[in-house]
**Student:** 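Have a look at this one.
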Amino acid sequence: MESSIIFIFLSLSLFSNNCIFFFQVHASKYNHGKVSKYNHGKVKFKLIHRHSPELGKMSGTTLGPPSSSRERIKQLIHSDTARLHAISHRLVPRRKNFQVETLRSSNLVELPMRSAADIGTGQYFVSFRIGSPPRKFIMIADTGSTVTWMKCKYKCRTCFDDRIHHHERIFNPKTSRTFIPIPCISSMCKQDLARSFSLQKCHRSTSPCAYDFRYSDGTKVLGIFGNDTVIVRLTNGKKIKVPDVMIGCSETIFGNFHDIDGVMGLGFDQHSFAVKAAEKFGNKFSYCLVDHLSPSDLVNFLVFGEVDDSTLPKMQYTELLLGIVNPYYAVNVSGISIDGEMLAIPSYAWDLKSGGGFIVDSGSSLTHLVEPVFNQVIAAFQAPISKFKKLSLSVGPSEPKYCFGDVGYKESLMPKLEVHFADGAKLTPPVKSYVIDAAEGIKCLGFAPTRWPGPSVIGNILQQNHLWEFDLLNGKLGFASSSCTLDD
């Protein structure tokens, strides 16, 4: 592939311990009919940012607003460092292993999202209802993962007893009449789930399919696979069931998953929740992120279904490459310009075959650029930022390298940055998305260097104030400037 490649994903991935989204779905009574009955619905989840006061109300967690602006950026950088390590482990090209088929339904499922606090495992959180009767869980929303799993008590008699005593959310499959374990002896376990770290050895022919996930920070999660029903509410008010969603029942967890109930897998894989939900609602899903310093009444969201973009500026579309580096979403890109002038960046810097590539990752906060890209971008900003006093944050090894005092600062003094896609689309973020408020009286360029060879990463701050639409059926990525106030 000669053109540049960008990989797009929301959050936490295996071999990682960083950024994630959580979804919130409200459901009580629900309709037992098929999804295809609802031709005008959509499902919307609220994404809760890690620094949201809403998550700070959760007792016994480290979620919520940081104590200061400096602490906020320190938390974001801590997650970014682990996230980059995760990405370097996962970018292995793979052949496409399944295709999306034409759907009969045009329903849409819309889920609101809000901003929440960093626990070392994610940036965004969602509340998620599963089982019959349905139970609510706080989940990491992660397009870098394919498996949806939660803390669970199945065979283990003593697992999570201390947490159950404090009324924490633990899933018990035996109380859900729709939970069906996946057999260990099945081809699903031994073949289809092999890349999801299923264990090949069966202790008994009746044993469920077990897994052993390992993350780069040493965290590991052990449990069993099964299928269960997820309950969602359409924006027209009707509640419906999404049956046969594959979930992981995690009974043993060593490591950093103390403050969350589990992970929602949104990567491109036939067993992920993203593909399962999208196929019920027109094979599309979208997300929109507001400025993470915005008032709490402005929310991020994730939508399954057709988004009415009549109130948006014209949507731009570029080719969405599916199945190339599962579970990530990739597109072609051709370069970066500053004030309309293309930077002299060597093509190998974003060529996957040359060890590069470009990832758009909602799980990372800053935009991390490999040295051949970083050096060119920073050089283009030297003249305008040299007018201000140079400062240092001193918050970590991956901190922004170019910070300055904000006395006399105006956005109009900063050049316009654009990311160019190979087929003509252009991402033009607002200045506040790449010259960021890092601490009181301090601005920073929102870029950090990362080693070559390796991928560059466009973080969630640069993605803010845009709607991103993933069309899985037609292989297209759409995006447009947005306030993220989607009408129901």
Side-chain angles (χ1 to χ4, degrees), residues 4-11 18-19 21 47 49-51 72-73 76-77 79-81 83-84 87 115 123-124 143-144 286-294 300 316 318 328-331 333-339 343 345 349-350 357-370 373-374 376-378 380-381 385 398-403 411 414-421 425-438 443-450 455-470 477-484:
S4 312
I5 293 183
I6 291 181
F7 302 98
I8 303 180
F9 57 98
L10 289 173
S11 180
N18 356 341
C19 307
F21 285 81
L47 287 179
H49 189 271
R50 59 194 258 169
H51 291 148
R72 174 183 63 85
I73 198 71
L76 296 177
I77 290 170
S79 285
D80 280 3
T81 302
R83 184 68 175 178
L84 284 172
I87 292 167
S115 196
Q123 303 288 15
Y124 293 88
T143 55
S286 308
Y287 69 85
C288 195
L289 308 177
V290 299
D291 186 334
H292 62 297
L293 298 178
S294 296
N300 312 284
Q316 298 185 70
T318 189
Y328 308 129
Y329 302 96
V331 295
V333 67
S334 58
I336 294 176
S337 69
I338 301 293
D339 277 345
L343 300 181
I345 298 171
W350 18 58
F358 221 120
I359 295 172
V360 179
D361 177 19
S362 298
S364 300
S365 293
L366 299 179
T367 290
H368 297 263
L369 304 174
V370 293
V373 181
F374 179 81
Q376 290 290 327
V377 171
I378 294 301
F381 279 88
I385 68 173
S398 297
E399 68 181 32
K401 300 301 180 184
Y402 291 85
C403 299
E411 286 191 354
M414 295 295 110
K416 182 175 71 172
L417 178 143
E418 291 183 307
V419 177
H420 297 253
F421 298 94
K426 292 189 295 185
L427 170 64
T428 308
V431 172
K432 66 178 181 178
S433 292
Y434 53 88
V435 182
I436 63 175
D437 291 310
K443 300 278 187 181
C444 292
L445 296 182
F447 311 108
T450 186
S456 294
V457 179
I458 294 182
N460 57 47
I461 295 177
L462 202 67
Q463 296 177 58
Q464 291 174 162
N465 299 116
H466 281 77
L467 173 71
W468 299 87
E469 178 189 77
F470 297 79
L477 173 71
F479 60 92
S481 177
S482 174
S483 62
C484 301

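The model shown is predicted, which means the values in this text are computed figures rather than measured ones.
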**Student:** Would you check if Leu289 and Asn465 make a side-chain contact, meaning some heavy-atom pair closer than 4.5 Å?
**Tutor:**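 Leu289 does not reach Asn465 side chain to side chain.
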
**Student:** Search all heavy atoms of Ser433 against all heavy atoms of Leu462 and return the closest pair with its distance.
**Tutor:**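 It is O-CD1, 3.5 Å.
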
**Student:** May I ask you to decide if Leu369's main-chain N or O and Thr450's side chain share a donor-acceptor pair within less than 3.5 Å?
**Tutor:**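 A pair under 3.5 Å: no.
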
**Student:** Would you call Leu417 and Phe447 a side-chain contact if the rule is heavy atoms closer than 4.5 Å?
**Tutor:**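 Side-chain contact under 4.5 Å: yes.
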
**Student:** What is the minimum heavy-atom distance between Pro429 and Tyr434, and which atoms define it?
**Tutor:**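 So the two residues come closest at O-CE2, 3.7 Å.
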
**Student:** Under a 4.5 Å cut-off applied to non-hydrogen side-chain atoms, are Asp437 and Lys443 in contact?
**Tutor:**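 The answer is yes, as the side chains (C-beta and beyond) meet within the 4.5 Å cut-off.
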
**Student:** Which pair of non-hydrogen atoms, one from Glu418 and one from Thr428, has the smallest distance, and what is that distance?
**Tutor:**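 Of all heavy-atom pairs spanning Glu418 and Thr428, the closest is OE2-OG1, 2.8 Å.
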
**Student:** Under the side chain to side chain contact (heavy atoms under 4.5 Å, CB included) criterion, do Leu366 and Ile436 qualify, and how do the steps go?
**Tutor:** CA-CA 9 Å; Leu366 299 179; Ile436 63 175; 3.7 Å; yes

**Student:** So do the side chains of Trp350 and Ser456 get within less than 4.5 Å of each other, counting heavy atoms only?
**Tutor:**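 Not in contact.
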
**Student:** Nearest heavy-atom pair of Phe381 and Pro415: which atoms, and what distance?
**Tutor:**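 Answer, listing the atom of Phe381 first, then Pro415: CE2-CG, 3.5 Å.
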
**Student:** Do Tyr287 and Gln463 have side-chain heavy atoms sitting under 4.5 Å apart?
**Tutor:**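 Heavy-atom side-chain distance check passes, below 4.5 Å.
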
**Student:** Do Gln376 and Ile336 make a side-chain contact, defined as non-hydrogen atoms from C-beta onward lying under 4.5 Å apart?
**Tutor:**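 When only atoms from C-beta onward are counted, Ile336 and Gln376 do not touch, as no gap falls below 4.5 Å.
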
**Student:** Given 3.5 Å as the limit, does a donor-acceptor pair link the side chain of Gln316 with the main chain of Lys426, or not?
**Tutor:**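 Yes: the side chain of Gln316 pairs with the backbone of Lys426.
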
**Student:** Is any side-chain heavy atom of Ile385 closer than 4.5 Å to one of Met414?
**Tutor:**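 The answer is yes, as the side chains (C-beta and beyond) meet within the 4.5 Å cut-off.
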
**Student:** Within this structure, what is the CD1-CG distance for the pair Ile378 and Leu445, rounded to the nearest 0.5 Å?
**Tutor:**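 It comes to 5.0 Å.
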
**Student:** Over 60° means perpendicular and under 30° means parallel, so tell me whether Tyr402 and Phe374 are parallel, tilted or perpendicular.
**Tutor:**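 If you compare the ring of Tyr402 with that of Phe374, the planes turn out tilted.
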
**Student:** Restricting to non-hydrogen atoms, name the atom on Pro430 and the atom on His466 that form the minimum distance, rounded to 0.1 Å.
**Tutor:**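 Shortest heavy-atom contact: CD-CE1, 4.3 Å.
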
**Student:** Ignoring hydrogens and geometry, is there a side-chain-to-backbone donor-acceptor pair from Asp339 to Lys416 under 3.5 Å?
**Tutor:**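 Checking the backbone N and O of Lys416 against the side chain of Asp339, a donor-acceptor pair under 3.5 Å is found.
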
**Student:** On a heavy-atom basis, which atom in Ser286 and which in Leu467 lie closest, and how many Å separate them?
**Tutor:**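 Distance-wise, the nearest heavy atoms are CB-CD1, 3.9 Å.
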
**Student:** Is the Phe470 to Tyr329 ring centre distance short of 6.0 Å?
**Tutor:**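 Distance test on ring centres: under 6.0 Å, yes.
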
